[in-house]
Amino acid sequence: MAQDSADWNSDDDLDFQIDNYQSSPPSSPPVAAVTSSDGLFATLIDMGFSTENIARAIEEHGPNADTMVIIDAISKYSVNCEASSSKSKTIDHFLAMGFEEEKVIKAIHEHGEDNIEEIANALISSAVTDAAKEEVAPVVKEEDDFDWSESDDEKYANFLSSDDERVTDSSPVNEDKLRSLKIMGFSELEASLALERCGGDVSVGDLADFIYAAQIAREFDEFHADPEEQKPSVKKRRMEARRESRSSADDEPIRLPIPMIGFGVPNEPGLITQRSIPAIAQRPPYFYYENVALAPKGVWDTISRHLYDIPPEFVDSKYICAAARKRGYVHNLPISGRYQVQPPPKYTISEAFPLSKKWWPSWDKRTKLNCILTVNASAQLTNRIRLALEAHPGEPPESAKKYVIDQCKKWNLVWVGKNKAAPLEPDEMETLLGFPRNHTRGGGTSRTERLKSLGNSFQVDTVAYHLSVLKPLFPSGINVLSLFTGIGGAEVALHRLQIPMKTVVSVEISAVNRNILKDFWEQTNQKGTLIEFADVQDLSNEKIVELMQRFGGFDLVIGGSPCNNLAGGNRVSRSGLEGEQSSLFFEYCRILDVVRETTKKMRRS
DNA sequence: ACCATCCAGATGGCGTCG
DNA sequence: CGACGCCATCTGGATGGT
């Protein structure tokens, strides 16, 4: 419903603009711990890098640069030597695949030269359309331009074949498909293997996707193999793995990025539009997993390892809205073409709370709120703040200021009157988090429950920014499996993106939260089907398969498992991923696995 | 070394409701 | 009377940045 958008923002100020966030701009990486370049040099030699490259990197970045900066620089040199990075190389790459030069250039122009995946998709869909239109092939490449060696063929065949012993039948339909694939530049071997693996009912577009994914897998493998030196050095190999996939390396724990903006956020520099993820995770269904960024040591390594070694995207929502929220997201979504949902959230405290400006002390320099938690400040505390300030008419002494500021930061207070600091109201939290006002209000939800549920929720604008890439992919809507739904942050994000939800199967333990989602579903006049489960353990493997057959599979599996045992605020049971609630992460993995396997089977049959 | 930050759980007191 | 919701207060420590 288009009318809904009016509810997202009660502020009528249409001239709202986003100011640059000034108080903590993205800073450059810290300088670090290496004091002597000789020591650094020796370390890097030890790691197996060439003297030449080390010298070059140190010259460029200075002798005091962070070790990782140097290593990254060196790895870039070797990448540039072997892989295509220039525009002409990109063009050559696609020309080699048999696409027309004109179209390649057009696609590169439209999607950006770095955006290989998008370019490929555009070219493939264009080629499919052309092949459908014309019977006569415009370009026929007889030769296999991929120059695959014998061992590569074996590797590829191994990659493709598995338990399935299906023999390629030579029906006229399949021959047409084979021809189309050849027209698109794929070799006969690739085409027939893909057809064999995917079956005859799959569209040419899907087959092309499949082959392309296999190619990426192959490139990925090659990239991992040491191309320069054939003599394997254990240390060097370890470094390769470390450079390319820090998540999977056992000796290199995942580190939080500075600034914490993931692959980029709107209105900030540092946008990344391309990444490589393990081939096994590249195909749909898409999945999106969330949890607190500052989990105990090793937790994110474990999470990443269980989610196909995809490195988490860490984002602090303070770069998107007026409140901090440091979270990690593991997902296999494309990352190019992201856009911000409208209207954008207020970016600073003063924009989010215009009335507070009048009462905001000049010595309270906060421009962003801290993380919205499940616990709230007591009235007694705000009274103590009032008394502390009233004791000193005019400018309070430093000690009083410090006490008040510390408390305000700790409890996330805003100024609502003279000497009156106050905790956030639930509806204010809703707005800050990107929910419609009153999303959690009424309908049997107590205030305590509202606060708890909101504290546990997504920041909708952040998630919507990541999910926005789904919009062009699913114009007719998607089927969603939503685990640990809470108050429906994912659903609200999809709704705000105006991505139709054909089906939502939701799992949420709290009856109050289930009601909130149900009410939202009805109030926004959703056309799709909503099915709610209470316990994730009730969603058995058989049940998942049944639901998938009923609705035609899931396009997106989304959720954030409980963080109770991971969150820093927990005094009593911060027991890590094995904790009573947080171990439900493994249920997410189980369910995702079943969905992926079932998707494969459904695609085949 | 020092600092700020953090989707928390348990308990007891109080008022309300039946 | 008990059940329940709500409020207030108590309980440190891990983690990562500086």
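Note on naming: letters A, B, ... go to the chains in the order of the sequence lines (proteins, then strands), and numbering restarts at 1 for each one.
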Considering only NZ, NE, NH1 and NH2 on the basic side and carboxylate oxygens on the acidic side, decide whether [X] and [Y] come within less than 4.0 Å.
X	Y	answer
A:Arg386	A:Glu390	yes
A:Glu430	A:Arg441	no
A:Glu449	A:Lys452	no
A:Arg305	A:Asp301	no
A:Lys401	A:Asp364	no

Between atom [atom1] in [X] and atom [atom2] in [N], what is the gap in whole Å?
X	N	atom1	atom2	value
A:Ile372	B:dT5	CD1	P	15 Å
A:Leu424	B:dC7	CG	P	15 Å
A:Asn412	B:dC7	CG	P	12 Å
A:Lys368	B:dT5	NZ	C1'	17 Å
A:Leu373	B:dG9	CG	C1'	14 Å
A:Glu430	B:dC7	CD	P	20 Å
A:Leu433	B:dC7	CG	C1'	10 Å
A:Lys365	B:dA4	NZ	P	17 Å

Under the side-chain contact (heavy atoms from CB on, under 4.5 Å) rule, what do A:Trp363 and A:Glu395 come out as? Steps first, then yes or no, please. CA-CA 9 Å; A:Trp363 39 268; A:Glu395 183 97 353; 3.9 Å; yes

Check each of A:Ser453, A:Ser506, A:Ser457 against A:Asn513 using the side chain to side chain donor-acceptor pair (under 3.5 Å) test, and report the only one that passes.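 Checked A:Ser453, A:Ser506, A:Ser457 against A:Asn513; only one passes side chain to side chain donor-acceptor pair (under 3.5 Å): A:Ser453.
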
Carefully, step by step, assess A:Ser561 and A:Tyr289 under the rule side chain to side chain donor-acceptor pair (under 3.5 Å). CA-CA 8 Å; A:Ser561 61; A:Tyr289 173 81; 2.5 Å; yes

Strictly by side-chain hydrogen bond (donor to acceptor under 3.5 Å, both in side chains), give each pair with a member in residues 417-429 of chain A just once, sequence neighbours left out.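 Residue pairs passing side-chain hydrogen bond (donor to acceptor under 3.5 Å, both in side chains), neighbours aside: A:Glu425-A:Arg447.
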
Just to be sure I understand the rule, does [X] reach a base, reach only the sugar-phosphate, or reach nothing, if contact means heavy atoms closer than 4.0 Å?
X	answer
A:Glu580	nothing
A:Cys371	sugar-phosphate
A:Ser453	nothing

All N/O pairs under 3.5 Å across the protein-nucleotides 14-18 of chain B interface:
none

Regarding [X] and [Y], do their side chains bring together a donor and an acceptor under 3.5 Å, going by distance alone?
X	Y	value
A:Ser468	A:Arg338	no
A:Ser317	A:Arg327	no
A:Thr348	A:Thr367	no
A:Tyr308	A:Arg596	yes

In whole Å, measure the gap between the P atoms of C:dA8 and B:dC7 for me.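 Going atom to atom, P in each nucleotide, I get 23 Å.
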
What residues from residues 443-452 of chain A pass a heavy-atom cutoff of under 4.0 Å to DNA chain C?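 Nucleic-acid contacts, sorted: A:Ser446, A:Arg447, A:Thr448.
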
Mind running a 4.0 Å heavy-atom check of residues 375-387 of chain A against DNA chain C and sending the residues that fall below it, in number order?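 Here the set is A:Ser378, A:Ala379, A:Gln380, A:Arg384.
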
Closest to the A:Lys409 side chain: B:dT5, B:dG9, B:dC7?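 Among the listed nucleotides, the one closest to the side chain of A:Lys409 is B:dT5.
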
Pair A:Phe520 and A:His439, ring centroids less than 6.0 Å apart: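 Ring centroids of A:Phe520 and A:His439 are less than 6.0 Å from each other.
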
Examine A:Phe314 together with A:Trp300 and report whether their ring centres are nearer than 6.0 Å.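 Between A:Trp300 and A:Phe314, which both carry aromatic rings, the centre distance is below 6.0 Å.
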
Strand DNA chain B in bracket notation, Watson-Crick/G-U under 3.5 Å with | for pairs to another chain: ||||||.|||||||||||

Give me the ring orientation class for A:His466 and A:Tyr288: parallel if the planes are under 30° apart, tilted from 30 to 60°, perpendicular past 60°.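 Correct class here is tilted.
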
Checking A:Lys471 against A:Tyr339: charged group under 6.0 Å from the ring centre and within 45 degrees of the axis?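 No cation-pi geometry.
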
Comparing A:Leu566 and A:Lys402 on DNA chain B - which has the more 5′ nearest nucleotide: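 Checking each residue's closest nucleotide, the 5'-ward one belongs to A:Lys402.
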
Is any side-chain N or O of A:Asn370 closer than 4.0 Å to OP1 or OP2 of B:dA4?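 For B:dA4, OP1/OP2 do not have a side-chain N/O of A:Asn370 under 4.0 Å.
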
Just by protein heavy atoms under 4.0 Å, how would nucleotides 12-17 of chain C read 5' to 3' in B, S and -? BBBSSS

